[in-house]
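Counting convention: from 1, in listed order, for ligands and their atoms alike.
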Amino acid sequence: MARLVLKFGGTSVGTIDRIKNVARKVKQEVDAGHEVAVVVSAMSGVTNQLVDYVKQVSRLADEREYDAVVASGEQVTSGLLAIALQEIGIPARSWQGWQIPLITDDVHGKARIERIESGDLVARMSTGEVAVVAGFQGVSKDGRIATLGRGGSDTSAVALAAAVQAERCDIYTDVDGVYTTDPRIVTKARKLGRITYEEMLEMASLGAKVLQTRSVEMAMKHRVRVQVLSTFEEAAGSALPGTLVVDEDEIVEQELVSGIAYSRDEAKVTLVGVEDRPGVAAAIFGPLTDAAINVDMIVQNVSEDGTTTDMTFTVTKADLDRTVQVLEGARDDLKFRRLIADSNVVKVSVIGVGMRSHAGVAQRMFKALADRGINIQVISTSEIKVSVLIAEEYTELALRALHTAYGLDQA
Ligand code: ADP
Ligand code: ASP
Ligand code: MG
């Protein structure tokens with residue numbers, strides 16, 4: 001007998017029939033003698049709809065109220081799945097974030113989990129009751145509902161698995177594992193049997209939304225065994241083996257590049273004609289940090305005349321309006337000539353721990369893009385990844401070209 005956390009994403013619970021299908025899958029684990037907690041997302045499309053409602057009322061809404069609205073999708077699915085389980089004879093109850101409680105910081109809209117007081121939940125699980133937990137949500141220290149950022153149900157699941165010391169955290173989704181790149185865009189993408197925590201962390205943070213970044217951080221920190229697998233494809237009654245996220249030493253043969261990720265979630269901001277003086281970067285990014293806006297890629301041009309320069313950086317599309325607002329508010333201090341905001345960009349990244357010991361990885365990327373006439377706007381690198389910012393319309397072309405260039409195509 002093991003204690004398991006199973007997480008089902010939006011597509012997996014997207015209709016009433018699919019919720020009933022999830023109930024049957026949960027029943028299989030219960031019948032096998034396991035103690036089970038299930039974490040659910042909102043039905044697919046629901047969170048987008050809720051976010052859109054908020055935007056229609058205000059583009060810069062009070063984030064605590066944004067959270068009150070968008071957390072409601074998971075409340076619905078947790079209740080529906082608990083009912084579906086009861087209907088097939090499995091004792092179950094739903095748990096909202098505040099009921100567990102799952103306590104977060106107060107950065108509403110992208111709150112971090114601080115702790116999970118799981119005593120009551122574990123006690124109920126040990127009586128054979130399935131805990132159906134609303135993902136994506138918790139309660140902030142000031143008692144308000146808080147959400148964990150888009151895709152946050154993955155993090156709810158991994159954090160819960162760590163808190164209840166589950167044997168495994170199974171992330172059921174609409175693909176049967178982690179692929180070399182998004183299989184919906186590159187049909188020649190290959191499924192990975194295993195991927196290291198480190199590579200998965202980069203893949204996720206660079207846009208592969210199959211797992212939320214913080215869920216991977218959490219798994220790495222608490223050594224949670226995470227498996228990504230399909231809700232829909234089954235082999236003789238049990239799920240097909242998915243992808244296991246593991247330590248580096250569990251992988252025998254290391255590829256040079258193991259994956260390619262993209263993020264359409266970036267927006268580019270250019271400040272034209274800022275003063276070229278010590279402290280200018282701090283003056284620009286300080287107010288953004290204060291507003292909890294994360295800046296990703298940054299380039300500062302060499303000053304042509306020694307007095308002014310251009311600064312280009314990226315933020316998430318969701319933060320673009322607030323970024324513009326904050327920078328316009330600091331205009332007197334920053335003295336820039338013009339602010340250009342461009343959301344027609346995508347960040348494409350190649351990732352692999354093999355890069356540490358091999359040269360020429362970036363060059364192969366630049367050449368593959370150049371051969372297709374794709375212009376690179378910004379570049380950033382780290383030990384195990386190279387990222388470029390390009391125009392959004394080239395996303396598919398760039399992904400396919402790079403997948404081939406690094407020899408990742410399926411035979
Ligand atoms: P869920 O609703 O189950 O959380 P998501 O839509 O958040 O599912 O994540 C699954 C999706 O992630 C897949 O449908 C796929 O299009 C996308 N994806 C992006 N990159 C990858 C990758 N490298 N491997 C697998 N899936 C990927
Ligand atoms: N429903 C939330 C979202 O769409 C959380 C999740 O699905 O993980 O972002
Ligand atoms: Mg997801």
Novice: Is the closest basic N to carboxylate O distance between R115 and E117 below 4.0 Å?
Specialist: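 Judged by the 4.0 Å cut-off on N to carboxylate O distance, R115 and E117 do form a salt bridge.
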
Novice: Could you find the nearest protein heavy atom to atom 4 (O) of ligand 2 and give me its residue, atom name and distance?
Specialist: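 Minimum-distance protein heavy atom for atom 4 (O) of ligand 2 reads R150 NH2, 2.9 Å.
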
Novice: Going by heavy-atom distance to atom 8 (O) of ligand 2, choose the closest among S156, S153, G45, G9.
Specialist: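 When every heavy atom of S156, S153, G45, G9 is considered, S153 comes closest to atom 8 (O) of ligand 2.
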
Novice: Does the distance from a Lys or Arg side-chain N to an Asp or Glu carboxylate O, for D52 and K55, drop under 4.0 Å?
Specialist: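 Here D52 does not pair with K55 in a salt bridge, since their nearest N and O are not under 4.0 Å apart.
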
Novice: Under the side chain to side chain donor-acceptor pair (under 3.5 Å) test against S258, which residue among R190, E202, E199 passes?
Specialist: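 The residue from R190, E202, E199 that satisfies side chain to side chain donor-acceptor pair (under 3.5 Å) with S258 turns out to be E199.
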
Novice: Backbone, side chain, both or neither: what part of V228 comes under 4.0 angstrom of ligand 1, heavy atoms only?
Specialist: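 For V228, there is no contact with ligand 1 at all, from either part.
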
Novice: Does an N or O anywhere in D182 fall below 3.5 Å from an N or O of ligand 1?
Specialist: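 Yes.
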
Novice: Which is it for D142 and S140 under the side chain to side chain donor-acceptor pair (under 3.5 Å) test, yes or no, and what are the steps along the way?
Specialist: CA-CA 5 Å; D142 56 359; S140 67; 2.2 Å; yes

Novice: Is there a side chain to side chain donor-acceptor pair (under 3.5 Å) between Q212 and S215? Walk through the geometry before answering.
Specialist: CA-CA 5 Å; Q212 199 203 29; S215 72; 5.7 Å; no

Novice: Which residue supplies the protein heavy atom nearest to atom 2 (O) of ligand 1, what is that atom called, and how far is it?
Specialist: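 Ranking protein heavy atoms by distance from atom 2 (O) of ligand 1, first comes G10 N, 3.1 Å.
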
Novice: For the atom pair CG (L148) and OG (S153), what is the distance rounded to the nearest 0.5 Å?
Specialist: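 Between L148 CG and S153 OG, I get 8.0 Å after rounding to 0.5 Å.
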
Novice: Going by heavy atoms, is G73 under 4.0 Å from ligand 2?
Specialist: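 It does not, in that no heavy atom of G73 comes within the 4.0 Å cut-off of ligand 2.
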
Novice: Go through ligand 1 atom by atom and flag the ones less than 4.0 Å from a non-hydrogen atom of M203.
Specialist: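 Going through ligand 1 atom by atom, the ones under 4.0 Å from M203 are 23 (N).
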
Novice: Say whether S44 and ligand 1 are in contact under the criterion: heavy-atom distance to a ligand atom below 4.0 Å.
Specialist: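 So S44 does not count as touching ligand 1.
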
Novice: I need the nearest protein heavy-atom contact for atom 24 (N) of ligand 1: residue, atom name and distance, please.
Specialist: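 Its nearest protein heavy-atom neighbour is Y179 N, 2.9 Å.
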
Novice: Let me confirm one number: the NZ-CD1 distance from K110 to I293, rounded to the nearest 0.5 Å.
Specialist: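 If we round to the nearest 0.5 Å, K110:NZ and I293:CD1 are 7.0 Å apart.
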
Novice: So is R184 polar-close to ligand 1, meaning N/O to N/O under 3.5 Å?
Specialist: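 It does: an N or O of R184 is found under 3.5 Å from an N or O of ligand 1.
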
Novice: Applying a 4.0 Å heavy-atom criterion (strictly less than), which segment of Q212 is in contact with ligand 2: side chain, backbone, both, or neither?
Specialist: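 Contact part for Q212 vs ligand 2: neither.
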
Novice: What residue and atom, counting heavy atoms only, is the protein's closest point to atom 7 (O) of ligand 2, and at what distance?
Specialist: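 Ranked first by proximity to atom 7 (O) of ligand 2 is S41 OG, 3.1 Å.
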
Novice: Which residue and non-hydrogen atom of the protein lie closest to atom 7 (O) of ligand 1, and at what distance in Å?
Specialist: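 Nearest protein contact, heavy atoms only, for atom 7 (O) of ligand 1 is K209 O, 3.4 Å.
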
Novice: Once the angle between the rings of F8 and Y172 is folded into 0 to 90°, is it parallel (under 30°), tilted (30 to 60°) or perpendicular (over 60°)?
Specialist: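 Correct class here is parallel.
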
Novice: Would you check whether K7 reaches within less than 4.0 Å of ligand 1, judged by its heavy atoms?
Specialist: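 Yes, that is the case, since the closest heavy atom of the residue is under 4.0 Å from the ligand.
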
Novice: Whether D174 and R184 form a salt bridge (side-chain N of Lys/Arg under 4.0 Å from carboxylate O of Asp/Glu) is what I want to check.
Specialist: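 Looking at D174 together with R184, the answer is yes, because their closest N to O distance falls below 4.0 Å.
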
Novice: Less than 4.0 Å between a side-chain N and a carboxylate O, is that true for R264 and E392?
Specialist: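 Result for this pair is yes, salt bridge flagged.
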
Novice: Test your reading of the structure: does F136 have an N or O sitting under 3.5 Å from an N or O of ligand 2?
Specialist: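 By distance alone, the answer is no.
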
Novice: Considering only NZ, NE, NH1 and NH2 on the basic side and carboxylate oxygens on the acidic side, decide whether R144 and E65 come within less than 4.0 Å.
Specialist: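 So R144 pairs with E65 through a salt bridge.
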
Novice: Is there a polar contact, in the sense of an N or O pair closer than 3.5 Å, between D154 and ligand 2?
Specialist: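 There is no such contact.
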
Novice: Any N or O on K7 sitting closer than 3.5 Å to an N or O of ligand 2?
Specialist: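 The answer is no, given that K7 and ligand 2 share no N or O pair closer than 3.5 Å.
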
Novice: Has P183 got any heavy atom lying under 4.0 angstrom from an atom of ligand 1?
Specialist: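 Yes, P183 has heavy atoms under 4.0 Å from ligand 1.
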
Novice: Does an N or O anywhere in D154 fall below 3.5 Å from an N or O of ligand 1?
Specialist: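 It does not: no N or O of D154 is found under 3.5 Å from an N or O of ligand 1.
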
Novice: Given I351, I260, V210, which one has a non-hydrogen atom that is nearest to atom 26 (N) of ligand 1?
Specialist: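 Comparing heavy atoms across I351, I260, V210, the nearest one to atom 26 (N) of ligand 1 lies in V210.
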
Novice: Return a yes/no value for V178: is any of its N or O atoms, backbone included, closer than 3.5 angstrom to an N or O of ligand 1?
Specialist: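 Looking only at distances, the answer is no, because the N/O contact criterion of under 3.5 Å is not met.
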
Novice: Supply the atom-to-atom distance T314 OG1 to D296 CG, rounded to the nearest 0.5 angstrom.
Specialist: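 So the OG1 of T314 and the CG of D296 are separated by 4.0 Å.
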
Novice: Starting from atom 8 (O) of ligand 1, what is the nearest protein heavy atom, named by residue and atom, and what distance separates them?
Specialist: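 So the nearest neighbour among protein heavy atoms is T173 OG1, 3.1 Å.
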
Novice: Taking the basic N atoms (NZ, or NE/NH1/NH2) and the acidic carboxylate oxygens, is any pair closer than 4.0 Å for D106 and K141?
Specialist: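 Looking at K141 together with D106, the answer is no, because their closest N to O distance does not fall below 4.0 Å.
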
Novice: Any salt bridge linking D182 with K209? Criterion: basic side-chain nitrogen under 4.0 Å from a carboxylate oxygen.
Specialist: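 Here D182 does not pair with K209 in a salt bridge, since their nearest N and O are not under 4.0 Å apart.
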
Novice: Would you mind listing which atoms of ligand 2 come within a distance below 4.0 Å of any non-hydrogen atom of G151?
Specialist: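 Under 4.0 Å from G151, ligand 2 has these atoms: 3 (C), 5 (C), 6 (C), 8 (O), 9 (O).
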
Novice: Among protein heavy atoms, which lies nearest atom 25 (C) of ligand 1, and at what distance?
Specialist: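 The protein heavy atom lying closest is G177 O, 3.4 Å.
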
Novice: Any Lys/Arg nitrogen of E328 or R331 sitting under 4.0 Å from an Asp/Glu carboxylate oxygen of the other?
Specialist: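 Judged by the 4.0 Å cut-off on N to carboxylate O distance, E328 and R331 do form a salt bridge.
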
Novice: So is there a nitrogen or oxygen of D174 less than 3.5 Å from a nitrogen or oxygen in ligand 1?
Specialist: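 Yes; the residue has a nitrogen or oxygen that sits under 3.5 Å from a nitrogen or oxygen of the ligand.
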
